[in-house]
Every structure is written in C-alpha cells, then in structure tokens.
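Along the sequence shown, the residues carry numbers beginning at 1.
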Amino acid sequence: MQLNIVINHMSNLMPLTKKKHMEEIIIFENAMFWTDSSETLYCRFNNDDSNSKLNYSKANLYIKAITKLCNGKPMPFLIDVQNTKGTFSISAAKLMANNPELLKLRISEAFIANTIGIRVLISTYKRIFNPITPFGVFSNLESAKKYSLEMKNMFYGSN
C-alpha cells in the first residue's frame, strides 16, 4: 500500500493532502475533506472555540479543496459538524452558498449534528443563504449516508 503525502503552505492553515488508492484527503487546522469510492464528498469540522467564526478567506480555501476533490463531478456533500462550535461570517456563508463551482458540484448536503445550537445554525443558514440545495440534518453517519446515496441516485437517475 503506497501513501503519497504533499504539504501545501496556504495561509497559516497548512492543509495536508494525502492520496491513498482512489481516496484523497485534504486536512486543514479545523477541517478535513475527502472522497471515497461512493463518490461522496465528506467534510468534517472540529472546533471547540464557541467564539470562532468561519471567515471568507478560510471558506475560499475550503472551496478550493472541495473543487479539487470533486474534480468536476457533482457529488452529495456529507458534512460532519458534531465536534464543532462557533459560527460563520455573512461573507463566508454567502460564498459557500453561491460559489459557482460549488453550485455545479453540490447535489445535496447531509449534515451530522449533535447539538440543538448547530442544528438551528444549519437551518438558519439553509433558509437564508441556500434554500435551493436539498439537505437533511441527521444524528448519525448511517442515516446521512443513506440520504446522500438516495439524493445521488435521484440526481443521476438510477435506483
């Protein structure tokens, strides 16, 4: 099993890119993005600072990672925010919701959240900034994966 590791110096976030067979993982300080053979984009955020705010420049770096991983192929996004506190700036929210590249790539969004605060934040974000992309909020990975697969099958017209 061969593992290739490349370190990119982007801002102070220093994402780490790993390739393992067909999987590729991009790791930032508080976020990790990867795809797998199911052609789902996984995002995991981990932040324990409730005063933290996702800003425009970090959101832009995340978008670059996502577009690289999707490589032009629309996918469902499975977003794990179970270990996350904080919020996002209005400019970051607008960028994530309306970026032309993401609009082409994002089939649906399945959020995994375990606190009422994060669930409210997601619902508010979706209602205000991105009411078009189908989404669901789940308490476990299996339910989120099932939803993502259903949305992918609907998008590509298969069972």
Do [X] and [Y] have side chains that get closer than 4.5 Å, going by heavy atoms?
{"X": "F45", "Y": "D80", "value": "no"}
{"X": "I107", "Y": "Y156", "value": "yes"}
{"X": "N130", "Y": "T133", "value": "yes"}
{"X": "I118", "Y": "I122", "value": "yes"}
{"X": "F77", "Y": "L102", "value": "yes"}
{"X": "S108", "Y": "Y147", "value": "yes"}
{"X": "L78", "Y": "L141", "value": "yes"}
{"X": "W34", "Y": "R44", "value": "yes"}

Could you state the interatomic distance from [atom1] ([X]) to [atom2] ([Y]), rounded to the nearest 0.5 Å?
{"X": "I90", "Y": "N55", "atom1": "CD1", "atom2": "CG", "result": "13.5 Å"}
{"X": "I63", "Y": "L105", "atom1": "CD1", "atom2": "CG", "result": "10.5 Å"}
{"X": "S89", "Y": "L54", "atom1": "OG", "atom2": "CG", "result": "6.5 Å"}
{"X": "E39", "Y": "K152", "atom1": "CD", "atom2": "NZ", "result": "4.5 Å"}
{"X": "I79", "Y": "C43", "atom1": "CD1", "atom2": "SG", "result": "5.0 Å"}
{"X": "M75", "Y": "T35", "atom1": "CE", "atom2": "OG1", "result": "5.5 Å"}

Do you know which two heavy atoms are closest between [X] and [Y], and how far apart they sit?
{"X": "S148", "Y": "P76", "result": "O-CG, 3.6 Å"}
{"X": "Q82", "Y": "N114", "result": "O-OD1, 2.9 Å"}
{"X": "A97", "Y": "R106", "result": "O-NH2, 3.0 Å"}

Are E109 and K126 within salt-bridge range, i.e. N to O under 4.0 Å?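 Salt bridge: yes.
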Step-by-step side-chain hydrogen bond (donor to acceptor under 3.5 Å, both in side chains) determination, S57 to N60: CA-CA 5 Å; S57 62; N60 201 37; over 6 Å; no
Distance-only, no hydrogens or angles: does the S123 side chain make a donor-acceptor pair with backbone N or O of V120 under 3.5 Å?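 Checked: no pair found.
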F129 CZ: over 12 foreign heavy atoms closer than 6.0 Å: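 Atom CZ in F129 is crowded, with more than 12 foreign heavy atoms closer than 6.0 Å.
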Intermediate values then yes/no, side-chain contact (heavy atoms from CB on, under 4.5 Å), S139 and R119: CA-CA 10 Å; S139 58; R119 287 175 177 265; 3.5 Å; yes
Would Y125 and F88 count as a ring pair (Phe, Tyr, Trp, His ring centres under 6.0 Å) here? Give the steps. CA-CA 9 Å; Y125 163 78; F88 44 79; 5.5 Å; yes
Candidate pair I26 and L69, rule side-chain contact (heavy atoms from CB on, under 4.5 Å), full reasoning: CA-CA 8 Å; I26 300 176; L69 290 169; 3.9 Å; yes
Do [X] and [Y] belong to the same hydrophobic cluster, where Ile, Leu, Val, Met, Phe, Trp and Tyr are linked whenever their side-chain heavy atoms lie under 4.5 Å apart, directly or via other members?
{"X": "L149", "Y": "F111", "result": "no"}
{"X": "I128", "Y": "M96", "result": "yes"}
{"X": "L121", "Y": "F135", "result": "yes"}
{"X": "I112", "Y": "M151", "result": "no"}

For N30, which of N46, T84, N47 qualifies under side-chain contact (heavy atoms from CB on, under 4.5 Å)?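 Exactly one candidate clears the test, N47.
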Chi angles and distances behind the salt bridge (charged side-chain N to carboxylate O under 4.0 Å, His left out) call for K68, E24: CA-CA 10 Å; K68 179 179 183 201; E24 187 170 2; 3.2 Å; yes
Run the side-chain contact (heavy atoms from CB on, under 4.5 Å) test on F33 and Y42 for me, step by step, so that the C-alpha distance in whole Å, both residues' side-chain angles and the decisive distance to 0.1 Å come before the verdict. CA-CA 6 Å; F33 302 89; Y42 294 87; over 6 Å; no
Derivation and outcome, side-chain contact (heavy atoms from CB on, under 4.5 Å), residues Y62 and F28: CA-CA 9 Å; Y62 295 168; F28 293 89; 3.8 Å; yes
